[in-house]
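Heads up, the thing below is written out as structure tokens.
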2 protein chains.
Amino acid sequence: MKPLGPLPPEYAAQSGELRIGGRPAESWAAEAGTTPLFVYDFAIVAARIARFRAAMPAGLGLHYAIKANPFPPLVAAIAPLVDGLDVASRGEMVRALTVAPARALSFAGPGKRDDELAAAISEGVTLHLESDGEADRALAIADRLGVAPRLAVRVNPDLELRGAGMRMGGRPSPFGVDAERAAALVRRLRAAGADWRGWHCYAGSQSLDTLALIEVQAATVALAGRLSDEAGATPPLVNLGGGFGVPYFAGDRPIDVEAIGVGLVDALDRRAGSLADSAFALELGRWLVGDAGVYLTRVVDRKESRGETFLVVDGGLHHQLAASGNFGTVVRRNYPVAVAGRMGAPADDPVSVVGCLCTPLDRLADRVQLPRAGPGDLVAIFCAGAYGLTASPAAFLGHPPAAELLANA
Amino acid sequence: MKPLGPLPPEYAAQSGELRIGGRPAESWAAEAGTTPLFVYDFAIVAARIARFRAAMPAGLGLHYAIKANPFPPLVAAIAPLVDGLDVASRGEMVRALTVAPARALSFAGPGKRDDELAAAISEGVTLHLESDGEADRALAIADRLGVAPRLAVRVNPDLELRGAGMRMGGRPSPFGVDAERAAALVRRLRAAGADWRGWHCYAGSQSLDTLALIEVQAATVALAGRLSDEAGATPPLVNLGGGFGVPYFAGDRPIDVEAIGVGLVDALDRRAGSLADSAFALELGRWLVGDAGVYLTRVVDRKESRGETFLVVDGGLHHQLAASGNFGTVVRRNYPVAVAGRMGAPADDPVSVVGCLCTPLDRLADRVQLPRAGPGDLVAIFCAGAYGLTASPAAFLGHPPAAELLANA
């Protein structure tokens with residue numbers, strides 16, 4: 001048997017039934033009128049934001065990276081509580097503009113097409129430039145449009161975020177302008193009349209290493225200082241990136257956000273003179289919403305085969321690819337999973353939970369111990385709030401879409 | 001530098017430009033009015049079907065597994081050339097019924113919901129039963145509907161397909177009824193008045209091992225004979241599965257379909273008396289359509305970073321997840337990739353091709369040698385005809401959908 005990931009501490013049970021957003025899991029399935037479904041508890045998101053605000057230096061901005069979960073009611077609920085929305089496509093930008101002003105938006109990502117650059121510049125959205133070539137295109141488009149574009153420079157740092165699930169710094173990268181060229185680009189942007197908005201640096205993501213996060217933030221503040229000195233200009237905003245991870249797997253421990261706040265106070269106290277008047281922000285996605293989502297799917301079949309038991313559910317990797325271990329992970333490990341109606345019951349039934357897709361890839365929990373369950377029971381797969389439905393191949397095998405519901409908004 | 005996969009031999013160039021379906025690649029982008037796009041050349045599919053017919057024993061049925069590529073015009077073009085369509089969901093079934101009669105359809109997959117079973121039974125589609133529990137539900141629903149359901153039994157064989165990309169046999173499995181219980185189930189189905197349609201056995205997929213395919217087909221014919229003897233009944237149809245792979249990666253060699261046909265003639269000659277009057281079929285998806293598809297995406301940026309060059313394209317893993325190595329593969333390897341306008345030019349430019357998504361996972365070719373390319377050039381990613389667009393997270397990051405076009409239909 002293999003271990004399950006840890007259940008996020010925000011979830012409780014009552015009379016043995018999982019509660020989400022203060023209501024029984026089954027009541028959400030009833031409200032959706034179908035399974036599978038995702039339920040996002042906005043109270044968990046709001047509590048994370050409040051915890052962030054309490055832990056971080058006064059005035060530190062918080063941006064939400066929409067790509068983590070673009071469900072429109074969720075984005076609309078988050079927008080008033082944060083200082084910015086980070087978008088990664090024109091599609092995300094258009095949606096974000098319905099709930100936030102253009103000046104609160106920033107648009108990062110390699111491979112922005114000319115139509116995306118033009119739309120952002122016209123709207124007054126800040127572009128995070130990823131290369132000199134993109135800078136050239138943005139300046140040319142702005143010139144044609146007759147506006148001063150809001151341009152920040154994303155920096156490919158000469159440092160790397162230790163312990164991060166994904167590393168983006170210190171190496172050749174499609175993301176950002178190499179640190180050693182960044183100041184020259186800023187001088188060029190300012191000479192061309194652009195409204196330079198500052199620096200963006202994103203060294204990695206899904207880190208559970210608190211010390212590494214503290215170190216990388218301090219190094220990023222120092223890097224921004226060096227680059228600003230070199231550019232001879234004060235950045236209005238330094239976006240320090242994010243990288244705050246959430247525990248998915250057995251042995252994972254949550255990060256210590258309060259310690260990160262203390263570290264960041266220290267780093268900002270020691271910042272270069274060129275940053276004295278700069279604002280700072282962190283950009284978070286997964287840490288804000290990841291634990292707030294639960295994927296609920298119903299058992300269709302309980303099947304014995306050659307000594308093993310399979311709970312076959314009506315959901316699968318077409319809705320929650322990451323839980324099947326097929327998205328960005330090398331070794332398949334189990335997410336936290338529970339039988340929603342048997343919380344606290346003895347986990348003495350060795351089973352695998354498999355999805356309804358006709359492929360062996362569709363395995364949502366591999367050889368785990370759960371309370372006994374059978375057809376009709378709801379299975380809850382946690383950590384489904386970030387990179388869940390939109391990061392999954394929804395059209396695969398032509399099954400119905402998953403419902404999405406927002407609690408406590 | 002890392003090797004690229006082998007270009008499928010069906011593609012040619014003229015004056016240095018890749019031709020797809022007899023036309024220049026750029027003409028397809030012009031027809032779509034956008035990039036990225038998928039182009040499927042039906043002539044390649046039809047040639048595969050003709051090759052299959054010529055190689056295989058007379059009267060062997062050919063089924064198309066729609067999940068490989070459910071693009072409606074493609075399915076409509078294939079339907080008249082094959083003897084059956086295999087579906088994996090009610091959604092696929094509804095689409096298949098628009099181009100084929102119910103009697104040509106079979107529905108496999110674990111986790112079929114009651115509404116799916118009822119729809120299939122009402123329509124007269126053959127259900128491939130995956131478990132005793134599913135059999136119970138199907139019989140109860142048929143009883144309620146007052147019809148004799150068309151039921152085949154999918155067998156979880158006691159053999160395994162060697163060298164297959166995915167193995168489905170010989171072990172505990174969510175797929176099929178264990179061989180050791182299958183005959184008893186058939187007796188039960190027949191006693192209940194069901195229209196037993198035969199056996200289905202699927203031992204694995206994406207195999208490039210011709211000898212293993214020959215052996216597994218022979219073993220499957222023998223297994224079907226044993227089980228039929230045990231059940232005391234002649235199956236109308238034995239679906240021997242598929243598993244024919246296509247070469248994706250350097251060193252991959254295509255299977256020898258003609259040798260498989262010779263092997264199958266031999267296996268059928270030696271079949272048990274209980275199978276004397278049975279029909280046989282193979283069910284293929286990937287081998288029919290995989291090489292027929294090309295994903296075309298345009299270079300947006302050519303970027304140098306710390307000694308490496310990135311071609312950033314307007315497509316990415318949201319359309320072609322498998323090419324990024326994030327779907328069912330352990331070690332990331334490169335698909336066949338070409339610069340559509342520089343076919344035959346010296347491949348002397350070391351680059352990585354990355355998608356437009358803001359994630360390091362989005363890499364379509366990792367450190368390869370291509371003819372020099374830059375913004376505006378079309379990049380062709382081959383082997384995009386099967387498990388491409390529908391097996392990818394299309395909504396991820398909110399980018400526009402890919403166009404799909406069918407050539408030579």
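Numbered from 1 within each chain, the chains take letters A, B, ... in sequence-line order. All values below were derived from every heavy atom in this structure, side-chain atoms included, with hydrogens, water molecules and symmetry-related copies excluded.
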query = B:Ser89: what forms a side-chain contact (heavy atoms from CB on, under 4.5 Å) with it, not counting sequence neighbours?
reply = A:His399, B:Glu92, B:Glu116
remark   = Applying a strict 4.5 Å limit to non-hydrogen atoms, the region of A:Arg332 in contact with chain B is neither
query = For A:Pro174, is it the side chain, the backbone, both or neither that has a heavy atom under 4.5 Å from a heavy atom of chain B?
reply = both
inquiry  = Please identify, among B:Gly91, B:Ala88, B:Pro375, B:Gly133, the residue contributing the most non-hydrogen atom pairs under 4.5 Å to chain A.
reply    = B:Ala88
Side chain of [X], backbone of [Y]: donor and acceptor closer than 3.5 Å?
X	Y	result
B:Asp362	B:Leu357	yes
A:Ser305	B:Ser173	yes
A:Asp86	A:His63	no

ring-ring contact (aromatic ring centres under 6.0 Å, His included) partners of B:Phe107, counting only residues at least two apart = none
query = Is the closest side-chain heavy-atom distance between A:Leu361 and A:Leu317 below 4.5 Å?
reply = yes
query = Any side-chain heavy atom of B:Thr390 within less than 4.5 Å of one from B:Pro70?
reply = yes
inquiry  = If the threshold is 4.0 Å, N to carboxylate O, is there a salt bridge linking B:Asp377 and B:Arg298?
reply    = no
Residues A:Glu304 and A:Arg306 bridged, charged N to O under 4.0 Å = no
Looking at chain B, which one of [options] has the largest number of heavy-atom pairs inside 4.5 Å, strictly under?
options	value
A:Gly398, A:Gly307, A:Ala68	A:Gly398
A:Arg113, A:Arg137, A:Lys303, A:Lys67	A:Lys303
A:Gly109, A:Pro110, A:Ala108	A:Pro110
A:Glu180, A:His318, A:Arg302, A:Arg95	A:Glu180
A:Gly355, A:Ser392, A:Gly325, A:Ser352	A:Ser392
A:Pro400, A:Cys356, A:Ser131, A:Pro172	A:Pro172

In terms of heavy-atom proximity below 4.5 Å to chain A, should [X] be classed as side chain, backbone, both, or neither?
X	answer
B:Asp178	both
B:Ala179	both
B:Leu321	side chain
B:Arg181	side chain
B:Phe396	both
B:Val312	side chain

inquiry  = Working to the nearest 0.5 angstrom, can you tell me the gap between B:Tyr64 OH and B:Glu283 CD?
reply    = 11.5 Å
